[in-house]
Each structure stands twice: as C-alpha cells, then as structure tokens.
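Quick note: residue numbers are just sequence positions, from 1.
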Amino acid sequence: QVQLVESGGGLVQAGGSLRLSCAASGRTFSRSVMGWFRQAAGKEREFVAGVTWSGSDTIYADSVKGRFTISRDNAKNTVYLQMNSLKPEDTAVYYCAARRFGVLTIRREVTQYDYWGQGTQVTVTV
C-alpha cells in the first residue's frame, strides 16, 4: 500500500517555475514506478511524466518535454516535478501516482496506476 500527498502547487506567471513534491508513505515506494498526471477543467486526466524505480529512466508527454523534469529521492520517499517555462495551458490539477509494487515499466495510461494523491492546483497566468 502506498499513500501519496502532493504539495508545491500555486499561482505563477507565464514563464515562471514551480516545483511539485509528492511524499509517499509505505515501504514499497522505492520499488514503485511513479508518474505525474494533470487534469484541466473539463478535460480528461493526462500523463505528464514518469520515472522508474532507480530514477534512471524517464518519459515525458510531448507537451512538457524540455520544460519539466521528474526526479525521485528514494531515501526521502519523495518524487518531484520541476516545471519551468510554464504556460497558461499548463494550468491544471496535478496528481502524483504510483504503479503497483514490482512493476518495471512506465506507462502513460491512467488505468495503469493503482495509487493516487489528492492533487495540487497549478494556475499559470498570462
């Protein structure tokens, strides 16, 4: 079982930066593939970025590639999403998610993640 709590969201101007954190509880965190997703008002939840157990492999949505960076610190049971050059279209609720224990691959589908945080709002103004 993994419990996830996001933090770090807020209001920022276009071009600015934010760093989201996701604190995980549960001893299986270090063996869980982690992902960040987002959901804008009136839209479906979409994949943003994912990272493997060790942090050595990452995948990004095309819309954020080159601007966002996902990383993890297994000693702190925390995964991060550094967001730079933010755009108004990045406005959404951002969710941290974990795949079940022992799974090796990063997946983009919402249905492939078993544990979710409550979300943190990110609002980017022009």
Side-chain angles (χ1 to χ4, degrees):
Q1 187 79 7
V2 178
Q3 294 181 326
L4 306 171
V5 179
E6 302 96 335
S7 62
L11 183 68
V12 63
Q13 286 189 327
S17 298
L18 281 175
R19 188 195 197 198
L20 305 183
S21 298
C22 174
S25 63
R27 58 187 177 89
T28 63
F29 172 80
S30 63
R31 290 295 182 264
S32 297
V33 169
M34 300 297 296
W36 283 97
F37 289 75
R38 67 186 182 187
Q39 187 166 17
K43 295 188 176 181
E44 293 187 352
R45 194 169 299 189
E46 64 176 3
F47 175 82
V48 174
V51 62
T52 52
W53 296 356
S54 66
S56 60
D57 293 321
T58 57
I59 292 177
Y60 296 92
D62 288 344
S63 59
V64 307
K65 203 172 294 183
R67 300 188 297 123
F68 290 11
T69 302
I70 188 171
S71 62
R72 66 190 296 163
D73 185 337
N74 288 338
K76 295 182 178 179
N77 276 13
T78 303
V79 62
Y80 304 97
L81 185 69
Q82 177 66 44
M83 306 186 295
N84 298 329
S85 301
L86 282 161
K87 305 175 181 179
E89 50 264 44
D90 294 319
T91 295
V93 177
Y94 283 71
Y95 297 90
C96 175
R99 298 201 70 194
R100 70 180 186 276
F101 175 79
V103 171
L104 298 177
T105 57
I106 302 168
R107 295 289 297 269
R108 298 174 183 264
E109 300 89 342
V110 169
T111 54
Q112 293 296 320
Y113 289 76
D114 298 273
Y115 306 100
W116 293 85
Q118 82 290 348
T120 185
Q121 176 71 46
V122 171
T123 303
V124 184
T125 61
V126 297

J.: Would you say E6's side chain and Q118's backbone share a donor-acceptor pair under 3.5 angstrom?
T.: yes
J.: Please find the pair of heavy atoms, one from L4 and one from A98, that lie closest to each other, and give the distance.
T.: CD1-N, 3.8 Å
J.: With a 4.5 Å cut-off on side-chain heavy-atom distances among I, L, V, M, F, W and Y, is there a chain of contacts connecting M34 to F37?
T.: no
J.: Quick one: does any side-chain atom of Y113 pair with a main-chain N or O of R107 as donor and acceptor, under 3.5 Å?
T.: yes
J.: Would L86 and I70 show up in the same hydrophobic cluster when neighbours are defined by side-chain heavy atoms closer than 4.5 Å?
T.: yes
J.: Do you reckon L104 sits in the same ILVMFWY cluster as I59, going by side-chain contacts under 4.5 Å, direct or chained?
T.: yes
J.: Is the number of heavy atoms from other residues, nucleotides or ligands under 6.0 Å of E46 CD greater than 12?
T.: yes
J.: Between T78 and K76, is there a donor-acceptor pair closer than 3.5 Å when you use the side chain of the first and the backbone of the second?
T.: yes
J.: Treating Ile, Leu, Val, Met, Phe, Trp and Tyr as nodes and any side-chain heavy-atom pair under 4.5 angstrom as an edge, say whether I106 and W53 lie in one connected cluster.
T.: yes
J.: When rounded to the nearest 0.5 angstrom, what is the spacing between CD in E44 and CD in Q39?
T.: 8.5 Å
J.: Does F101 have any side chain to side chain contact (heavy atoms under 4.5 Å, CB included) partners at least two apart in sequence or in another chain, and if so, which?
T.: T28, R31
J.: Using the rule that Ile, Leu, Val, Met, Phe, Trp and Tyr join whenever any side-chain heavy atoms are under 4.5 Å apart, tell me whether W36 and M83 fall into a single cluster.
T.: yes
J.: Quick check: closest heavy atoms across V79 and V51, and the distance to 0.1 Å?
T.: CG2-CG1, 4.1 Å
J.: Identify the heavy atoms of S30 and R72 that sit nearest to each other, and give their distance.
T.: CA-NH2, 4.0 Å
J.: Could you tell me whether the side chain of Q112 reaches within less than 4.5 Å of the side chain of F47, counting heavy atoms only?
T.: no
J.: I'd like to know if the side chain of D114 reaches the main chain of R100, judged simply by a donor and an acceptor atom lying under 3.5 Å from each other, with no hydrogens or angles considered.
T.: yes
J.: Mind checking whether F68 and Y94 have parallel, tilted or perpendicular rings, split at 30° and 60°?
T.: tilted
J.: Of the non-hydrogen atoms in R108 and A61, which two are nearest, and what is the gap between them?
T.: NH1-CA, 3.9 Å
J.: Do D90 and K87 meet the salt-bridge criterion of a basic N to acidic O distance under 4.0 Å?
T.: no
J.: Kindly list each side-chain donor-acceptor pair under 3.5 angstrom involving residues 10-24, sequence neighbours excluded, with atom names and distances?
T.:
from : atom 1 : to  : atom 2 : distance (Å)
S17  : OG     : N84 : OD1    : 2.9

J.: Is it true that the NZ or CZ of R67 lies under 6.0 Å from the centre of Y60's six-membered ring and within 45 degrees of the ring axis?
T.: no
